[in-house]
There are 2 protein chains.
Amino acid sequence: MTEPRWLNADERRAWLALLSINTLLPAALDTQLQAAGKLSLFDYNVLAMLSEAEGRFLPMSELAARTSASLSRLSHVVTKLQRRGWVEREAHPGDARVTVAHLTESGMDTIVSLAPGHVDAVRALMLDAMTDDDVADLARIGEKIVARLDDDHWILRER
Amino acid sequence: MTEPRWLNADERRAWLALLSINTLLPAALDTQLQAAGKLSLFDYNVLAMLSEAEGRFLPMSELAARTSASLSRLSHVVTKLQRRGWVEREAHPGDARVTVAHLTESGMDTIVSLAPGHVDAVRALMLDAMTDDDVADLARIGEKIVARLDDDHWILRER
DNA sequence: TTGTTTTACTTGAAGCTTCAAGTAAAACAA
DNA sequence: TTGTTTTACTTGAAGCTTCAAGTAAAACAA
């Protein structure tokens, strides 16, 4: 067996920082959203992606791609959001295999009321810690990592 | 109500990239570790932190801090690791409130055998996507964000 | 056409995480 | 001392995510 290349100082710092952000940041945002509207960050993102989509609806697979989730996870969560009256499932006219998730008026009202508090939290927890150059660097480096993890991830399509 | 400041282009890119990394990277590493040894990334980190500690033991609260976890989460996971024979719980001699988690020989063997594959995965999924400068930038920016989220996080103590 | 494979989901169970409530010892306060 | 507060956990239940298995329609292959 060949000797593995261990991490050097910067690699270790970058990796540990990412790992820590990874557990702390979603937890902090979950706490804010839980207090504001009894939903999780993932729930919020599902609603947000639908609210930004044309017609406020998306096929389940496209919604799964935009939330980086598995179809199974999304299916369970949409069922929950449906019970809360925020999303509806509809048949796709052209392809009977496809389910379309549609944001309801009530769902739209919910996200509109939650958005300002959520954006404030994102600023307070992360963006306010950085200079403008840092933000640009993080965007550039972050997208490189995303490309590595999934080379046709939707956030790269916007470029 | 005052108008919220929405995210500008770079802010949105940085935020979306971080969010995507956040769901994709742990999932990919979980898959690798699950295949290699039927354990999660969090399980691995618990073992790794213990293996690096002097004497291979740490109080539960210190271990929770080093894995960015809640005590409750850690307590459940240590119970599981204990059943697999990788960790033992011991009383703290000086303070009866404290439980010390101690890595067993078997736990040490496990992490030694898993480490090379895990480090390879971290490289393949993230570090190999970046230049040396990117790594240094990410370390610097990442630590700023961590400091924002928890200003005496243990990774900042090493400086 | 007919059979086979692929796509786009859905479902239930198992396992994991969070949350609320609890225990017991240490520290502090008067 | 004695009572109160804080610290350091642990526990069980509820909710969430993953995993394995399934369904049904579309696409392809011969």
Side-chain angles (χ1 to χ4, degrees), chain A residues 22-35 37-47 57-84 87-102 152, chain B residues 22-35 37-47 57-84 87-102 152:
Chain A
N22 226 292
T23 46
L24 296 174
L25 187 56
L29 292 169
D30 267 330
T31 300
Q32 190 267 323
L33 286 167
Q34 207 67 46
K38 300 231 172 279
L39 37 47
S40 70
L41 177 59
F42 184 75
D43 297 340
Y44 178 92
N45 270 313
V46 169
L47 300 180
F57 61 83
L58 286 173
M60 293 293 278
S61 349
E62 183 57 28
L63 187 52
R66 297 202 191 181
T67 51
S68 304
S70 68
L71 263 174
S72 172
R73 179 182 185 183
L74 182 66
S75 184
H76 284 294
V77 168
V78 164
T79 300
K80 187 187 68 176
L81 298 177
Q82 214 170 358
R83 277 200 293 265
R84 297 183 70 167
V87 171
E88 277 167 2
R89 273 187 236 242
E90 286 157 17
H92 187 278
D95 187 338
R97 292 169 302 180
V98 173
T99 308
V100 170
H102 195 144
D152 50 42
Chain B
N22 226 295
T23 45
L24 296 174
L25 187 55
L29 291 169
D30 268 329
T31 300
Q32 190 267 322
L33 285 167
Q34 207 67 46
K38 301 228 169 282
L39 78 181
S40 70
L41 177 59
F42 184 75
D43 296 339
Y44 179 91
N45 270 313
V46 168
L47 300 181
F57 60 83
L58 287 172
M60 293 293 277
S61 351
E62 183 57 27
L63 186 52
R66 297 201 190 181
T67 52
S68 304
S70 68
L71 263 174
S72 173
R73 179 181 185 183
L74 182 66
S75 184
H76 285 294
V77 168
V78 164
T79 300
K80 188 187 68 176
L81 298 177
Q82 214 170 359
R83 278 199 293 263
R84 298 183 70 169
V87 171
E88 277 168 2
R89 274 188 235 244
E90 287 158 15
H92 187 277
D95 186 337
R97 291 169 303 180
V98 173
T99 307
V100 170
H102 194 145
D152 48 43

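In this text the structure is predicted, and so the values were computed from the model without any measurement. Reminder, nothing fancy here: chain letters follow the sequence lines and each chain counts from 1.
- Nucleotide dA29(C) forms a pair with dT2(D), judged by Watson-Crick or G-U wobble geometry with both contacts under 3.5 Å.
- The base of dG12(C) sits within donor-acceptor range of the side chain of H76(A), with an N or O pair under 3.5 Å.
- Note: CG (L81(A)) to P (dT10(C)) measures 13 Å, nearest angstrom.
- When rounded to the nearest whole Å, the span between CG of L41(B) and C1' of dG15(C) equals 16 Å.
- Each of R97(A) and T79(A) has a nearest nucleotide on DNA chain C; the 5'-most of these lies closest to R97(A).
- Around atom CD of Q82(A), more than 12 heavy atoms belonging to other residues, nucleotides or ligands sit under 6.0 Å away.
- Taking every heavy atom of both residues into account, M60(A) and A101(A) meet most closely at SD-CB, 4.1 Å.
- For L71(B) against A64(B), the heavy-atom pair with the smallest separation is CD2-CB, 4.4 Å.
- Between the CG atom of D43(B) and the P atom of dT18(D) there is a distance of 15 Å, rounded to whole Å.
- As rounded to whole Å, 10 Å separates atom P of dC19(C) from atom NZ of K38(A).
- Distance from the side chain of K80(A) is smallest for dC16(D) among the nucleotides dT11(D), dC16(D), dA25(D).
- The stretch residues 57-74 of chain A touches DNA chain D through S72(A), R73(A), each having a heavy atom within less than 4.0 Å of the strand.
- Pairing of dA14(C), defined by two Watson-Crick or G-U wobble distances under 3.5 Å, is identified with dT17(D).
- Here the straight-line distance linking atom NE2 of H102(A) with atom CG of L58(A) works out to 10.0 Å at 0.5 Å rounding.
- One atom, CZ of F42(B), and another, P of dT17(C), lie 7 Å apart when rounded to the nearest Å.
- Contact annotation for D30(B): no contact, since no heavy-atom pair falls under 4.0 Å across all strands.
- Between R89(A) and T79(A) the shortest side-chain heavy-atom distance falls below 4.5 Å.
- Residue T99(B) places its side chain closer to dT10(D) than to any other of dA25(D), dT10(D), dC9(C).
- When rounded to the nearest whole Å, the span between CZ of R83(B) and C1' of dT11(D) equals 13 Å.
- At a threshold of 4.5 Å between non-hydrogen side-chain atoms, the residues T67(A) and V77(A) do not count as touching.
- Residues D43(A) and K80(A) are paired through a salt bridge, judged by an N-O separation under 4.0 Å between the basic side chain and the carboxylate.
- Counting to the nearest Å, the C1' atom of dT18(C) and the CD atom of Q32(A) are 18 Å from each other.
- Per the geometry, CG belonging to D95(B) stands 12 Å off P belonging to dT7(D), to the nearest Å.
- dA24(D) is paired with dT7(C) under the Watson-Crick or G-U wobble criterion, all donor-acceptor distances under 3.5 Å.
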